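Working notes, structure below.
Just so we're on the same page: letters track the sequence lines, and every chain starts at 1. All figures in this text were calculated on a predicted structure; none of them were measured in a lab.
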Number of protein chains: 2
Amino acid sequence: MSTEHEMVRQLSQAGYRVTRARRAVIRALLDDDGYSTPAQIHARARSHDPGVGLVSVYRTLDLLSSLRLARRIHTEDGCHGYASASRGHRHHLLCRRCGAAVEFEGCDLSPLLRRVESETGYAVEEHLLELVGLCPACR
Amino acid sequence: MSTEHEMVRQLSQAGYRVTRARRAVIRALLDDDGYSTPAQIHARARSHDPGVGLVSVYRTLDLLSSLRLARRIHTEDGCHGYASASRGHRHHLLCRRCGAAVEFEGCDLSPLLRRVESETGYAVEEHLLELVGLCPACR
DNA sequence: TTGTGTGCAAAATCTTTGCACTTCG
DNA sequence: CGAAGTGCAAAGATTTTGCACACAA
C-alpha cells in the first residue's frame with residue numbers, strides 16, 4: 001500500500017498535474033483498506049473536498065490504474081471496484097464479507113504458464129489473479 | 001467445452017425448463033469459441049431463434065453461470081463477457097487480440113494459498129484466475 | 001500565461017424490473 | 001392445467017462526452 005505522498009510523487013513524475021480532485025480521490029482510496037466502487041470513492045472524496053465531481057473520480061481512477069497506483073477489482077456481482085495498489089507485480093486478496101483488501105506478491109505461476117503454453121500454443125502475456133476469502137476479523 | 005446436449009441435460013436435471021430462448025442462448029454461446037458480451041450473444045441467439053429477447057439472454061446467462069455452464073469473463077475494459085464452461089474447476093485463457101477463449105485445468109495454487117493464508121490470516125476460499133495472451137493464430 | 005484538468009449537464013450504455021402473455025412439463 | 005419463463009417497454013444504474021471555465025506549473 002502506498003502513501004499519499006508517494007502516489008502524488010508518482011503522478012507528478014509521470015507528467016500529470018496534482019490537482020485538488022486527484023488529491024481527494026487518492027485520499028479517498030487510501031481511507032479505506034478495501035475496495036470500493038467509483039460512487040463510494042466519490043462520496044469519500046467529497047468529504048475531503050466537497051467540490052469533486054463524479055466524472056473526475058472516473059477519470060482519476062482510470063489514470064491511477066494506468067499508472068498502477070490503483071487496481072481494478074473484479075467481483076462476481078459486477079466489476080466496479082477499485083483498490084489502491086503498490087507498484088510492481090502484486091495481486092489482491094479480498095474479504096468476501098467486509099470487502100477488506102490486502103495485497104500479496106510472489107505468485108509463482110511459471111510452471112503453470114509453461115504447461116498451459118505448451119498445451120495450447122498460446123503465448124501467455126499476463127494474468128489476472130484474485131483470491132477471495134474471509135479476513136481475520138470476519139472469521 | 002460442453003456440447004449443447006450436455007448443457008440442456010444439466011439444465012433440466014437441475015429442475016429448469018428447457019425453453020426456446022435458453023436453447024438459443026446455449027447455441028449462441030457454443031457458436032463462438034471465445035467470450036462475448038450479452039449483446040453479442042443476443043445477436044447470435046436471434047440467428048437461431050429470432051424472437052429471443054435481450055432480457056432472456058441476461059437471465060439465461062445468469063442461470064448458466066450459477067450452474068457453472070457458463071463463466072463470466074473479466075477484461076480490462078469493462079467486465080461484460082461470458083464464455084461457455086465445463087463443469088469442474090477450470091479457468092480460461094484468452095486471446096487479447098481475437099478474443100478466443102480456451103479452458104485449462106490443474107492450476108495448482110495450494111502452496112501459494114497456504115503461504116498467503118499464513119502471512120495474512122485470511123481463510124482463502126476461492127480464486128479468480130485468468131490468463132491473457134495471444135492464441136496460435138494471432139501470434 | 002497556457003494548456004491540462006474540472007464540473008456540470010446531457011447523452012449513451014448497460015442492466016434490471018413490472019407485468020401480461022406463452023409455453024414447457 | 002399451472003407454474004415457470006418470456007418479451008416488451010420502461011425504469012434504473014452506470015459510464016462517457018462536450019464544453020466553457022478554473023487553476024497547476
Side-chain angles (χ1 to χ4, degrees), chain A residues 4-5 7-28 35-67 69-70 72-82, chain B residues 4-5 7-28 35-67 69-70 72-82:
Chain A
E4 178 182 346
H5 183 70
M7 293 181 74
V8 163
R9 202 172 51 80
Q10 301 270 4
L11 251 193
S12 116
Q13 208 164 50
Y16 296 98
R17 295 189 176 173
V18 177
T19 64
R20 292 169 60 106
R22 285 175 180 166
R23 234 177 235 286
V25 171
I26 287 174
R27 286 184 187 156
Y35 58 94
S36 327
T37 61
Q40 293 169 324
I41 292 169
H42 182 219
R44 289 204 302 273
R46 269 187 193 276
S47 76
H48 293 293
D49 199 328
V52 178
L54 178 57
V55 178
S56 292
V57 172
Y58 276 100
R59 290 189 278 223
T60 302
L61 289 173
D62 277 352
L63 177 59
L64 295 177
S65 300
S66 75
L67 295 175
L69 295 169
R72 220 182 240 275
I73 299 293
H74 302 265
T75 60
E76 266 320 301
D77 44 296
C79 302
H80 310 292
Y82 286 85
Chain B
E4 178 182 344
H5 182 71
M7 293 181 73
V8 163
R9 202 173 51 80
Q10 302 271 4
L11 250 192
S12 114
Q13 208 165 50
Y16 296 98
R17 295 188 178 173
V18 178
T19 63
R20 292 169 60 107
R22 286 175 180 167
R23 235 178 234 286
V25 171
I26 288 174
R27 285 184 188 157
Y35 57 95
S36 327
T37 62
Q40 293 169 325
I41 292 169
H42 182 219
R44 289 204 301 273
R46 270 187 192 274
S47 76
H48 293 293
D49 198 329
V52 178
L54 178 57
V55 177
S56 292
V57 173
Y58 275 100
R59 289 190 278 224
T60 302
L61 289 173
D62 277 351
L63 177 60
L64 295 178
S65 300
S66 74
L67 295 175
L69 295 169
R72 222 181 238 276
I73 299 293
H74 302 266
T75 59
E76 266 320 300
D77 44 296
C79 301
H80 310 292
Y82 287 84

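When each of C:dC24, D:dT16, C:dT16 is scored by its nearest atom to the side-chain atoms of B:Val55, the top-ranked nucleotide is C:dT16. Between D:dT6, C:dG5, C:dG7, one nucleotide has an atom nearer to the side chain of B:Ser56 than all others, and that is D:dT6. Closest contact between the side chain of A:Arg17 and the listed nucleotides D:dG5, D:dA24, C:dT6 involves D:dA24. Nearest to the side chain of B:Tyr58, among C:dG7, C:dT16, C:dG25, sits C:dT16.
Counted within 6.0 Å of CZ on A:Arg46, heavy atoms from surrounding residues, nucleotides or ligands total more than 12; the atom is thus considered enclosed.
For the pair B:Arg20 and B:Pro38, nearest-nucleotide mapping onto DNA chain C gives the more 5' position to B:Pro38.
Protein atom CG of A:Leu54 is 10 Å distant from nucleotide atom P of D:dT14, rounded to whole Å. Taking atom NE2 of A:His80 as the reference point, atom C1' of D:dT15 lies 10 Å away to the nearest angstrom. When the C1' atom of C:dT23 is taken as reference, atom CZ of B:Arg22 falls 12 Å away, rounded to whole Å. Nucleotide D:dT14 holds its P atom 17 Å from the CG atom of A:Asp62, rounded to whole Å. If you take NE2 of B:His42 and C1' of C:dT15, they are 14 Å apart, rounded to a whole angstrom. Rounded to a whole Å, the CZ atom of B:Arg46 is 9 Å from the C1' atom of D:dG7. Across the protein-nucleic acid pair, B:Arg23 atom CZ and D:dT6 atom C1' stand 16 Å apart, rounded to whole Å. Rounding to whole angstrom units, CG of residue B:Asp49 and P of D:dT6 are separated by 11 Å.
Distance CG/B:Leu69 to CZ/B:Arg22: 11.5 Å, rounded to 0.5 Å.
Nearest heavy atoms, B:Arg23 versus B:Val18: NH2-CG1, 3.6 Å.
The side chain of B:Thr19 places no N or O atom within less than 4.0 Å of a non-bridging phosphate oxygen (OP1 or OP2) of C:dC24.
Residue A:Arg59 is in base contact, counting any heavy-atom pair closer than 4.0 Å across all strands shown.
B:Arg44 and B:Ser36 are linked by a side-chain donor-acceptor pair at a separation below 3.5 angstrom, with hydrogens and angles left out of the test. Between the side chains of B:Ser47 and B:Arg27, not a single donor N or O lies within less than 3.5 Å of an accepting N or O.
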